[in-house]
Amino acid sequence: MNLLNELRSRFETALTPFAIDPAPFAAMVKPTQDAKFGDYQANCCMPLAKQRGENPRELAAKVVAALDVAEFCEPPEVAGAGFINLRVRPEWLQEQTNALIANTRLGVEPVAQPHHIVVDFSSPNVAKPMHVGHLRSTVIGDALCKILKFQGHHVISDNHVGDWGTQFGMIIYGYKHFLDQAALERDMVGELARLYRLVNQLCDYHDLKPKLPKLQEAVAEKQKTVTEAEGNTIPTDAKKADSLKKQLKKLREQLADAQADLESAQSKCAAVEGDATLKALADGHPKIVVESRLETSMLHAGERVNRELWQRFVPECLEAIQRMYDRLGVNFDHTLGESYYDPLLKSVVEEMQAKGLARESDGAVCVFNAGFEAPFIIRKRDGAFTYATTDLATIKYRVQEFQADLILYVVDSRQSEHFVQLFDTARQWGYTGVELQHVKFGTILGKDNRPYKTRSGDTVGLESLLDEGVANARRIVDANDDRKEGGPVLDEAARARVAEAVGLGAIKYADLSQNRESDYVFDWERMLATTGDTATYMQYAYARICGILRKGDVDREALRVDGKIVLEQPAERALAIKLLQFGEALDQASFEFRPNFLTAYLFEAANTFSTFYAKCDVLKAATPELRTSRLLLCDLTARMLQQGLGLLGVETIEQM
RNA sequence: GCACUCGUAGCUCAAUUGGAUAGAGCAAUGGACUUCGGAUCCAUAGGUUGUAGGUUCGACUCCUACCGAGUGCACCA
């Protein structure tokens, strides 16, 4: 039973005589922040009393009189400004905890109205190796899928891979001109990545080189205005002086921006010019920008050679990506890349035009959404479609084929505007029955607090990141096992398994435990930490429980059949109530798609268990009944931790 | 120029969406029966929630201005 929901429903009944629409007031029942206020509190009487022009405490007393919660709670108390505090009755708590024993879903009831939810996440570009930037989308998206599925929704995970864009033209161009045949045979994906980087670098060079004088000019000009502004005498009027100071600051910022642009362009050009081989390649391919773009449009047009190359490359690239997913334990129901929607794009544009939603502007076909200066371009001047077009087609497809009533896009928040425009356009197009949600997350920043961008050189590949995490965990596993009293208990294979689970768990947890919307600084230490609020802490709690059950030679199945839980100590009671709140934590996590609510709950639960463990003897309990009761609490905690961590994509191990 | 996001303990982050005395972890300090697994537990210290106003019973949360950091803005996705 979900107690919170039950209490809310009881409040709704009790509030009916006092409010026209009691539901929002009933929703103001919440778990307390402080145990001294009981277990749950209702905050509805203050706003409601205001609305009715009554005294909040008096209203609270009336609501309490009308409230029927005697089954679960001690008599409610009115406190403070008009709060109603609820304390769960010990007998009820004990009864409910006992009911969890035989419940395979740990008391989590499936949702009453399951939705068809498409979760669009990870979406790497198949032409480039995955890097840290893909981690957040992959880890958060996967956790959301698992949570929503466990809650009873019909979840469809879809990896919208980038397999159709300009980067493929670059690879094809590279293949035709710079291929190292031996390398291709040895490691196709690696060679394709090299070709992509090379062509990209040469394109950058040809793109930027002619712009250098202009950039230099811009810097000189900004420099001049700054110098001039600096020469101005400061007015005595404080207000004017202030505004002048501000202006100067802005000018300096503009100068700094121009300088940064110039430096970035210069360093890219210098990288090519400083390398005789690269310079020769650049000189030999002056039209590489145009021609690699041409390769892309030839691919799209169905030109035979390019199409064959594409058909040969994509499966290999997908396989390489799949290895990463296998390691991370991530599954997709579908991998429908951009290419999949190509046949639908033409008709999408035509339909938009026919409906009068899109019109031509400057040669491109655009949707002009109210409140936006920039148009939403669905066909470029050269006739090619954009990702806006693909995204629209994808919505259509998902509604038709998957009966989606909710689509989640687990994508970097920098793309917010794109999604606002996309959703706006889709609604005008007629897709009003499907809820579209940008589940945005913050940017990973570098140590300089600037967005962590993948420039050649400081890219942290995803694979090496995972390896680093596992290696770090391995050092800790070794140290701990060697230090064990009776000598090491793990063999080589077991240590490797534990290190994998702990290392990957640490990395995933670092991402999931943070509010997804805030940026964070990429930090090895934080990602690989294994003490405090980390996955390791929960994994350890789980392994400790398994250790107890092992040592006590406990048959868990038999224990569940005829054992009974008796709650006496405060630590036992605290643990029991935590266990009963698993479903509430899942509700919170899925309400606005925030896995950090689940991580917070699991950490609290593991912490509550550790306290219980420190205060209450289990195997050495005073009576056999008490021992059984506590063993059952251990068993339940282990089951919940395993389930909860599993929903986050974090593995549990019995011995570590 | 226009738009959006964010400023919370020394550091990294929470805060159940307007509720009671703003909470965790890390780092620091002090403690835990000769450990049912010490990768643990308990305690102490650490705050004018960027600044100034406003809204109200009540504000980290909503509004206004300012300061500071960042992101996006016509044919790359």
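Keep in mind that the numbers below use all heavy atoms, side chains included, and drop hydrogens, waters and symmetry copies. So that the names make sense, note that chain A is the first sequence line, chain B the second, and so on, each numbered from 1.
The residue among A/Tyr387 and A/Asp34 whose nearest nucleotide of RNA chain B is located toward the 5' end is A/Asp34.
Nucleic acid contact class of A/Glu525 (heavy atoms, under 4.0 Å, all strands): none.
If you take OH of A/Tyr540 and C1' of B/rU35, they are 9 Å apart, rounded to a whole angstrom. The interatomic distance linking A/Asp553 (CG) with B/rC36 (P) rounds to 18 Å, in whole Å. To the nearest angstrom, P of B/rC11 lies 20 Å from CE of A/Met527. One atom, NZ of A/Lys578, and another, P of B/rU16, lie 15 Å apart when rounded to the nearest Å.
Across B/rU51 and B/rG68, the matching C1' atoms stand 10 Å from one another, rounded to whole Å. B/rC57 and B/rA52 are spaced 24 Å apart, taking the C1' atom of each and rounding to whole Å. Taking atom C1' on both B/rA14 and B/rC6, the two are 16 Å apart, rounded to the nearest angstrom. Across B/rG10 and B/rC66, the matching C1' atoms stand 28 Å from one another, rounded to whole Å. Annotation: B/rC63 and B/rG18 have their P atoms spaced 11 Å apart (nearest Å). Here the separation of B/rC60 from B/rA22, taken at their P atoms, is 9 Å to the nearest Å. When the C1' atom is used for both B/rU49 and B/rU44, the distance is 23 Å, rounded to whole Å. Only the C1' atoms considered, B/rU48 is 49 Å distant from B/rU34, to the nearest whole Å.
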**Request:** Could you please spell out the steps behind the ring pair (Phe, Tyr, Trp, His ring centres under 6.0 Å) verdict for A/Phe612 and A/Phe609?
**Result:** CA-CA 5 Å; A/Phe612 157 80; A/Phe609 173 78; 5.8 Å; yes
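Put simply, A/Gln514 has a side-chain N or O that comes within less than 4.0 Å of OP1 or OP2 on B/rC13. Residue A/Ser518 places at least one side-chain N or O under 4.0 Å from the OP1 or OP2 atom of B/rA14. Regarding contacts with the backbone of B/rC11, every side-chain N or O of A/Arg526 stays at 4.0 angstrom or more from both OP1 and OP2. Considering only side-chain N and O atoms, A/Asn480 lies nowhere under 4.0 angstrom from the phosphate OP1 or OP2 of B/rG37.
Judged by distance alone with a 3.5 Å cut-off, no donor-acceptor contact links the side chain of A/Lys484 to the base of B/rU35. Donor-acceptor pairing under 3.5 Å, judged by distance alone, is absent between the side chain of A/Arg414 and the base of B/rG70. Side-chain atoms of A/Asp481 stay outside donor-acceptor range of the base of B/rA39, with no qualifying N/O pair under 3.5 Å. No hydrogens or angles were tested; on distance alone, a donor-acceptor pair under 3.5 Å links the side chain of A/Ser361 to the base of B/rA74.
Judged by a 6.0 Å distance limit and a 45° cone about the ring axis, A/Arg516 is not positioned over the six-membered ring of A/Phe593.
Donor-acceptor pairing under 3.5 Å is recorded for the side chains of A/Asp587 and A/Gln151. Using modelled atom types and a 3.5 Å distance limit, the side chains of A/Gln353 and A/Arg379 yield no donor-acceptor pair. In the model, A/Thr425 has a side-chain atom that pairs as donor or acceptor with a side-chain atom of A/Asn369 under 3.5 Å.
Nucleotide B/rU51 forms a pair with B/rA65, judged by Watson-Crick or G-U wobble geometry with both contacts under 3.5 Å.
Looking at heavy atoms from C-beta onward, A/His418 lies out of side-chain contact with A/Gln421 at the 4.5 angstrom threshold.
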